[in-house]
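Okay, structure first, notes after.
These values consider heavy atoms only, across backbone and side chains, with no hydrogens, waters or symmetry-generated copies.
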Amino acid sequence: MAQRTADVVIIGGAVMGSSVACHLAQRDDFRGHIIVVEADPVYEICASARSAASIRQQFSTAVNIEISLYGIRFLREIGAALAVDGDRPDIGLQEGGYLFLATPDKAEILQKNHLLQQELGADIALLDTGELRSKFSWLSVSDLEAGCHGLTGEGWFDGYGLMQAFRRKARSLGVEYVSARGTVENNPEAGWSVLLSSGERISTPVLVNCAGASGGTEICAQVGLDVPVVPRKRCVFTFDCKEPLENFPLLIDPTGTYVRPEGPGYICGSAPPADRDPDCTDLDVDYTLFEDHIWPTLAARVPAFEAIRPGAAWAGTYDMNLFDHNAFVGSVPGMEGFFVALGFSGHGLQQAPAVGRGLAELISTGAYQTLDLEPLSIRRLTENAPISEKNVV
């Protein structure tokens, strides 16, 4: 069996693992060898490649707002930040804004969230029904009390392009990518050992678990850590609408159903009912979800959507954290050199820049240097202290 060493091994090479690798390799105070282990080297089924790929500051908790405030700054400057030999990546960022809508029973929550968002510097407008009707003439507001629209700093982008830009930059900085599955062992004296499906073994003092729901949970189990992170299927549907609708944002209906522009058409989706949301074992599209719920909901909210032409659809996964729908990020108490970035529950792409930077700081210096991500520590699981995030889509 071939054996070698690395200073840092990252399991999972999609957007989160590649962001950690890229940020760490860019640091002046880190000179070690980084190996990224990825079981799906063509990224056919990874969540990063199948996401609807968007970014918002309209959360209800400070840490999530601050993560995305940094994220939008990073995405705006991605061409300079991740350029390789003068080739600047372009992820097609569109700052069309989110539009969260609230019925009277939920308006107070929306207003409270808006105050926090404004306090932290997010550019969000709180609109009453008259203002909604004036700004979005195609919108049905009869059952609404208010809405919040991101004026700047919110929108959508090419998620696969972001992942590949991180990966390409990391490789240009000397990060090694290995196509294999990894099994983890911990030796208190020798550190972490990763046995690859190729038969090779890598020893390392620092192991970062970014392997997503199924792989990441399995790796945690291998070292005696039980995390409530599971894969949940999320379907994305496309359609065309004959009537032009100006100034269309990423609209979030009070039911949680969403829709946004995509080229000349639209994409949309919704979480299925709880009794139809088991752990994901396939990527088959649930077309009945579109026919029975999504289309009728959107047609009631935007009357022009009564007459549409459905198009292609696909399914991906959310790495769902059943504990509180927020990620576990950082070091694991009692496991020296073991770090996690798991359970992003659909927010991984937009949170990858800040989390990658934060873990790079934590690994190289022992502490967060810019944005404090300690609220996302896995300690909250053992302490039974969930984060209450009200804006989960």
Test salt bridge (charged side-chain N to carboxylate O under 4.0 Å, His left out) on Glu185 and Arg201 and set out the steps.
CA-CA 10 Å; Glu185 299 174 355; Arg201 184 182 294 275; 3.2 Å; yes
Evaluation steps, salt bridge (charged side-chain N to carboxylate O under 4.0 Å, His left out), between Arg276 and Asp286
CA-CA 10 Å; Arg276 288 171 52 191; Asp286 180 6; 2.7 Å; yes
How many angstroms lie between CD in Glu66 and CG in Leu69, if you round to the nearest 0.5 Å?
7.5 Å
For the residue pair His33 and Val175, establish whether any side-chain heavy-atom pair is separated by less than 4.5 Å.
no
Would you say the side-chain atoms of Ser331 pair up with the backbone N or O of Phe339, donor to acceptor, closer than 3.5 Å?
no
Exceeds 12 heavy-atom contacts within 6.0 angstrom, atom CD of Gln222:
yes
Would you say that more than 12 heavy atoms from the other residues, nucleotides or ligands in this model lie under 6.0 Å from the CD of Glu336, or not?
no
Interatomic distance, CD@Gln350 vs CD@Glu154, rounded to 0.5 Å, equals 9.0 Å
Has the side chain of Trp138 got a donor or acceptor atom that lies under 3.5 Å from a matching backbone atom of Glu246?
yes
Just verifying a value: how many Å separate Ser60 OG and His114 NE2, rounded to the nearest 0.5 Å?
14.5 Å
Walk me through whether Arg357 and Thr370 qualify under side chain to side chain donor-acceptor pair (under 3.5 Å).
CA-CA 9 Å; Arg357 180 186 64 169; Thr370 48; 3.2 Å; yes
Could you verify whether a donor N or O on one side chain and an acceptor N or O on the other, from Gln164 and Tyr160, lie under 3.5 Å apart?
yes
Walk me through whether Leu250 and Tyr258 qualify under side-chain contact (heavy atoms from CB on, under 4.5 Å).
CA-CA 7 Å; Leu250 198 162; Tyr258 74 85; 4.2 Å; yes
So, taking the atom named OG in Ser172 and the one named CG in Asp85, what distance separates them when rounded to the nearest 0.5 Å?
7.0 Å
Could you check whether Asp123 and Thr152, counting side-chain N and O atoms only, form a donor-acceptor pair closer than 3.5 Å?
yes
Between the CD1 atom in Ile35 and the OG1 atom in Thr204, the distance rounded to the nearest 0.5 Å is 8.0 Å
Got a salt bridge between Lys233 and Asp282, using NZ or NE/NH1/NH2 to carboxylate O under 4.0 Å?
yes
Please check: side-chain N/O of Asp7 versus main-chain N/O of Gly32, any donor-acceptor pairing under 3.5 Å?
no
Inspect the contact between Arg76 and Glu95 and indicate whether a charged nitrogen and a carboxylate oxygen are less than 4.0 angstrom apart.
yes
Can you find a side-chain donor-acceptor pair between Asn64 and Glu389 that sits under 3.5 Å?
yes
Test your reading of the model: is there a side-chain donor-acceptor pair from Lys106 to the backbone of Pro254, 3.5 Å cut-off?
yes
Using only atom types and a distance under 3.5 Å, with no angle test, would you say the side chain of Asn186 pairs donor to acceptor with the backbone of Trp192?
no
Can you check side-chain contact (heavy atoms from CB on, under 4.5 Å) on Leu93 and Ile72, steps first, answer last?
CA-CA 9 Å; Leu93 176 64; Ile72 192 63; 3.9 Å; yes
Below 4.5 Å, heavy atoms only, C-beta onward: do Leu349 and Ile55 meet side chain to side chain?
no
Look at the side chain of Arg379 and the backbone N and O of Leu376, then say whether any donor-acceptor pair between them is shorter than 3.5 Å.
no
Taking Cys220 as the fixed residue, which of Val332, Asp226, Ile378, Leu225 is the one that meets the side-chain contact (heavy atoms from CB on, under 4.5 Å) rule?
Leu225
So, Glu176 and Arg4, do they make that salt bridge, N to O below 4.0 Å?
yes
Do the rings of Phe100 and Tyr98 sit parallel, tilted or perpendicular, given the 30° and 60° boundaries?
parallel
Heavy-atom side-chain contact between Met320 and Val229 under 4.5 Å:
no
Hey, does His149 have a side-chain heavy atom less than 4.5 Å from the side chain of Pro249?
yes
Does a side-chain heavy-atom distance below 4.5 Å link Asp253 with Val259?
no
Contact check, side chains of Leu144 and Pro104, non-hydrogen atoms, under 4.5 Å:
no
Going through the distances and angles, do Val8 and Val20 end up as a side-chain contact (heavy atoms from CB on, under 4.5 Å)?
CA-CA 11 Å; Val8 176; Val20 175; over 6 Å; no
Linked, directly or transitively: Leu359 and Leu381 (ILVMFWY side chains, under 4.5 Å):
no
Going by atom types alone, do Thr317 and Arg232 pair a side-chain donor with an acceptor below 3.5 Å?
no
Validation row, ring centre Phe136 to ring centre Phe248 under 6.0 Å
no
When rounded to the nearest 0.5 Å, the distance separating CG of Leu24 from CD of Glu361 is 10.5 Å
Arg234/Asp277 salt bridge by N-O under 4.0 Å criterion
yes
Should the ring pair His347 and Phe59 be called parallel, tilted or perpendicular, given that the plane angle runs from 0 to 90° and is split at 30 and 60?
perpendicular
Would you check if the distance from the ring center of Phe237 to the ring center of Trp314 is below 6.0 Å?
no
Residue pair Arg27 / Ser364, side-chain donor-acceptor N/O under 3.5 Å:
yes
Is the Lys NZ or Arg CZ of Arg167 less than 6.0 Å from the centre of Tyr177's six-membered ring, within 45° of the axis?
yes
Closest heavy-atom contact between Ala327 and Asn321?
C-ND2, 4.5 Å
In the structure I gave you, are the side-chain heavy atoms of Leu251 and Arg301 within less than 4.5 Å of one another anywhere?
yes
Determine whether Leu373 and Leu116 fall in the same hydrophobic cluster, where Ile, Leu, Val, Met, Phe, Trp and Tyr are linked whenever their side-chain heavy atoms lie under 4.5 Å apart.
no
For the student: nearest non-hydrogen atoms of Cys210 and Ile10, plus distance:
SG-CG2, 4.1 Å
More than 12 foreign heavy atoms under 6.0 Å from CZ of Arg181: is that the case here?
no
Indicate the ring-plane relationship of Phe239 and Phe305, choosing parallel, tilted or perpendicular according to the 30° and 60° boundaries.
perpendicular
For Lys112 and Leu115, what are the C-alpha separation, side-chain angles and deciding distance, and is it a side-chain contact (heavy atoms from CB on, under 4.5 Å)?
CA-CA 5 Å; Lys112 183 178 179 180; Leu115 288 175; 5.6 Å; no
Parallel, tilted or perpendicular, judged at 30° and 60°: which one describes the rings of His23 and Phe74?
tilted
Does the side chain of Ile267 come within less than 4.5 Å of Arg260's, by heavy atoms?
yes
